[in-house]
Amino acid sequence: MSTPPPTRVRLCADGPMLLSGDVVVVTEDGREVTAERRTVAVCRCGRSARAPWCDGSHKLLTRPADRSPRPGRDGTST
Ligand code: FES
């Protein structure tokens, strides 16, 4: 019997947390939500109408003007 691959978590800049693998998300009120897809996006901005899942509402948020740009994967700023 092989060991299942580890659950992967990827944090998206100003966006959701992507979970890949077998996960059960426990909401703030204790409700357990089983992911129905291999990769799911969990809202981190608090604006999703489909919480705990991301519905893209984070894209409507604007970055504060004084915020420094984040470095991209290749080290360049975004
Ligand atoms: S992170 Fe996408 S709606 Fe909140």
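Numbering of ligands and ligand atoms starts at 1, following listing order. All residue numbers refer to positions in the sequence shown, counting from 1.
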Which atoms from ligand 1 have a heavy atom of [X] less than 4.0 Å away?
X: Asp55; result: 3 (S)
X: Arg44; result: 1 (S), 4 (Fe)
X: Cys43; result: 1 (S), 3 (S), 4 (Fe)
X: Pro16; result: 1 (S)

_Side-chain donor or acceptor of Ser48 paired with backbone N/O of Trp53 under 3.5 Å_ = yes

*Out of curiosity, Arg8 CZ to Thr39 OG1, how far, rounded to the nearest 0.5 Å?*
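Going from CZ on Arg8 over to OG1 on Thr39, the span is 9.5 Å.
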
*Let me see the working for Leu19 and Val25 under side chain to side chain contact (heavy atoms under 4.5 Å, CB included), right down to the final yes or no.*
CA-CA 10 Å; Leu19 303 174; Val25 175; 4.1 Å; yes

*Within the stated cut-off of 2.8 Å, is an N/O/S atom of Cys54 closer than that to atom 4 (Fe) of ligand 1?*
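No - counting backbone and side chain alike, Cys54 has no N, O or S atom under 2.8 Å.
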
*asked:* Would you say atom 4 (Fe) of ligand 1 has Cys45 as a near neighbour, meaning an N/O/S atom of that residue under 2.8 Å away?
replied: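 Cys45 does place an N, O or S atom closer than 2.8 Å to atom 4 (Fe) of ligand 1.
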
*Asp14 and Leu61: side chain to side chain contact (heavy atoms under 4.5 Å, CB included), yes or no, with the steps?*
CA-CA 9 Å; Asp14 300 323; Leu61 300 174; over 6 Å; no

*asked:* Test side chain to side chain contact (heavy atoms under 4.5 Å, CB included) on Met17 and Val40; report intermediate values, then the result.
replied: CA-CA 8 Å; Met17 172 172 48; Val40 293; over 6 Å; no

*Common cluster, Val42/Leu18, ILVMFWY with side-chain heavy-atom separation under 4.5 Å*: no

_I need the nearest protein heavy-atom contact for atom 2 (Fe) of ligand 1: residue, atom name and distance, please._
His58 ND1, 2.1 Å

